[in-house]
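Just below is one structure, and these are the notes that go with it.
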Amino acid sequence: MDKNRPLILISNDDGYNYNGIQSLIKVARTLGDVFVVAPAVHQSGKASAITFVNPVRTTRIAQEPGFTAYLATGTPADCVKLALSQLMADNMPDLVLAGINHGYNSGLNTLYSGTMACVFEGILHGVPSVAFSYGDYSADADTSVCEPVVKHVTERVLKGGLPKDVCLNVNIPKMESPFNGMKVTTGDMGRWVNEWEHRVDPTGRDYYWLTGEFEIADKDEGLTDYYWLQRGYVTVTPTHVDQTDFASMQQISDLLL
């Protein structure tokens with residue numbers, strides 16, 4: 001790796017063969033040296049799950065000046081943990097990038113997202129981290145339209161850094177025309193309803209298929225990612241791992257102590 005260029009670690013949850021991560025790699029290679037550790041199989045919805053019963057194995061699939069890529073049999077969180085503690089232990093990255101996810105990771109979806117798990121691991125290791133997601137859920141989504149946004153955000157973060165323990169959750173709307181702009185937002189605190197569909201298989205046995213509809217909380221206040229994504233804006237939500245509700249600590253203390 002070139003000591004004069006930033007070193008960028010990339011991972012995702014869809015897998016190495018998806019267009020999203022290929023777009024991310026393409027942009028990142030114009031800005032620095034790139035080290036990829038991606039799941040060997042699709043791992044969406046794994047959140048920050050880790051593997052501790054079975055061994056995790058890696059396979060190096062690319063090695064050339066300025067670019068290295070591995071596949072790992074673990075989860076997205078495993079991939080970043082392995083990279084930072086083993087595969088890159090002698091040369092820590094300047095930045096962790098995750099995605100580009102095929103589908104939004106907005107609102108409460110951050111709780112379930114393997115893409116977000118990658119950047120959570122990044123900031124837990126003290127590395128500035130950014131996740132990118134695109135509003136096209138198809139396996140063959142054309143994520144090339146996201147590349148200017150990725151380049152803009154990545155350049156700014158490499159230059160200016162991020163606040164301690166804060167990562168960025170960037171969501172990019174699917175549009176026919178250019179994006180209307182970029183907004184820094186909160187995550188919409190709506191909820192999923194009708195989450196399971198009851199079905200019966202050909203043998204008469206019941207089973208359930210995960211589905212659901214998201215009820216938006218912010219319908220007209222203009223604060224959240226969902227609100228602005230629906231209006232054609234790229235949203236950027238500063239996010240951290242600490243889930244402590246500091247505002248209620250005294251109230252809980254009065255209740256229990």
Side-chain angles (χ1 to χ4, degrees), residues 1-44 58-72 76 79-80 83-84 87-88 91 93-105 113-119 122 127-160 162 167-179 182 234-236:
M1 297 293 179
D2 187 342
K3 297 293 185 181
N4 297 315
R5 285 165 58 82
L7 178 56
I8 301 171
L9 170 62
I10 291 178
S11 191
N12 74 342
D13 64 2
D14 292 320
Y16 186 79
N17 292 325
Y18 271 65
N19 292 339
I21 195 170
Q22 295 304 316
S23 287
L24 201 56
I25 291 168
K26 176 183 173 183
V27 174
R29 292 192 70 178
T30 70
L31 303 175
D33 290 347
V34 172
F35 198 105
V36 178
V37 184
V41 297
H42 196 278
Q43 295 277 348
S44 289
T58 61
T59 302
R60 190 171 65 190
I61 58 172
Q63 178 73 72
E64 59 188 72
F67 181 68
T68 302
Y70 283 84
L71 299 183
C79 289
V80 177
L84 298 178
L87 303 175
M88 306 178 72
N91 197 13
D94 300 288
L95 182 66
V96 173
L97 299 180
I100 302 167
N101 192 66
H102 290 225
Y104 289 136
N105 278 309
S113 167
T115 306
M116 291 302 297
C118 296
V119 294
V127 183
S129 303
V130 183
F132 295 94
S133 302
Y134 178 47
D136 188 333
Y137 293 78
S138 61
D140 61 351
D142 179 11
T143 55
S144 64
V145 299
C146 304
E147 291 170 11
V149 174
V150 171
K151 185 173 183 180
H152 172 77
V153 173
T154 303
E155 285 180 329
R156 293 297 183 94
V157 173
L158 282 171
K159 182 177 181 180
L162 290 173
C167 59
L168 299 184
N169 178 21
V170 181
N171 283 278
I172 302 168
K174 181 182 179 182
M175 297 180 62
E176 298 297 331
S177 58
F179 309 122
M182 181 178 290
V234 174
T235 63
V236 182

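All values derive from a computational prediction rather than experimental measurement. Hydrogens, waters and symmetry mates play no part in the numbers below; they use all other heavy atoms, side chains included.
- A side-chain donor-acceptor contact under 3.5 Å links D94 to the backbone of L7.
- Going from atom CG of D142 over to atom OG of S23 covers 7.5 Å, rounded to the nearest 0.5 Å.
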Under the side-chain contact (heavy atoms from CB on, under 4.5 Å) rule, what do M182 and V149 come out as? Steps first, then yes or no, please.
CA-CA 9 Å; M182 181 178 290; V149 174; 4.2 Å; yes
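- For the ring-ring contact (aromatic ring centres under 6.0 Å, His included) test, no residue two or more places apart in sequence or in another chain qualifies with Y16.
- In plain terms, the two heavy atoms of G32 and R5 that are nearest each other are O-NH2, 2.8 Å.
- Residues N12 and T115 bring no donor and acceptor atom of their side chains to less than 3.5 Å of each other.
- Rounding to the nearest 0.5 Å gives a distance of 10.5 Å between CG of N171 and CZ of F132.
- Of all heavy-atom pairs between L162 and C167, the closest is CD1-CA, 4.5 Å.
- Note: T68 OG1 to I10 CD1 = 11.5 Å, rounded to the nearest 0.5 Å.
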CA sep, side-chain torsions, deciding dist, call: V119, M116, side-chain contact (heavy atoms from CB on, under 4.5 Å)
CA-CA 5 Å; V119 294; M116 291 302 297; 3.9 Å; yes
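- Closest of all the heavy-atom pairs between D13 and G114 is OD2-N, 3.4 Å.
- Of the possible polar contacts, one joining the N19 side chain to the A141 backbone as a donor-acceptor pair under 3.5 Å is found.
- Atom SG in C146 sits 5.5 Å away from atom CZ in F179 (nearest 0.5 Å).
- Annotation: the span from Y70 atom OH to T59 atom OG1 amounts to 10.0 Å, rounded to 0.5 Å.
- Closest heavy-atom contact between K174 and G135: CB-O, 3.5 Å.
- The aromatic rings of H42 and Y18 sit tilted relative to each other, their planes meeting at an angle between 30° and 60°.
- The structure places CG of L24 at 5.0 Å from CG of L97, a figure rounded to the nearest 0.5 Å.
- Closest heavy-atom contact between F67 and A62: CE2-CB, 3.6 Å.
- Within the 4.5 Å cutoff, the side chain of P6 has no heavy atoms near those of the D33 side chain.
- A donor-acceptor pair under 3.5 Å is formed between the side chain of D14 and the backbone N or O of H102.
- What you find for G122 and S129 is that their closest heavy atoms are CA-OG, 3.3 Å.
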Let me see the working for V127 and L9 under side-chain contact (heavy atoms from CB on, under 4.5 Å), right down to the final yes or no.
CA-CA 10 Å; V127 183; L9 170 62; over 6 Å; no
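- Pairs engaging residues 17-31 under the salt bridge (Lys or Arg N to Asp or Glu O under 4.0 Å) rule: K26-E147, R29-E64 [sequence neighbours left out].
- A donor-acceptor contact shorter than 3.5 Å is absent between the side chain of Y104 and the backbone of Y137.
- Between N169 and N105 the shortest side-chain heavy-atom distance falls below 4.5 Å.
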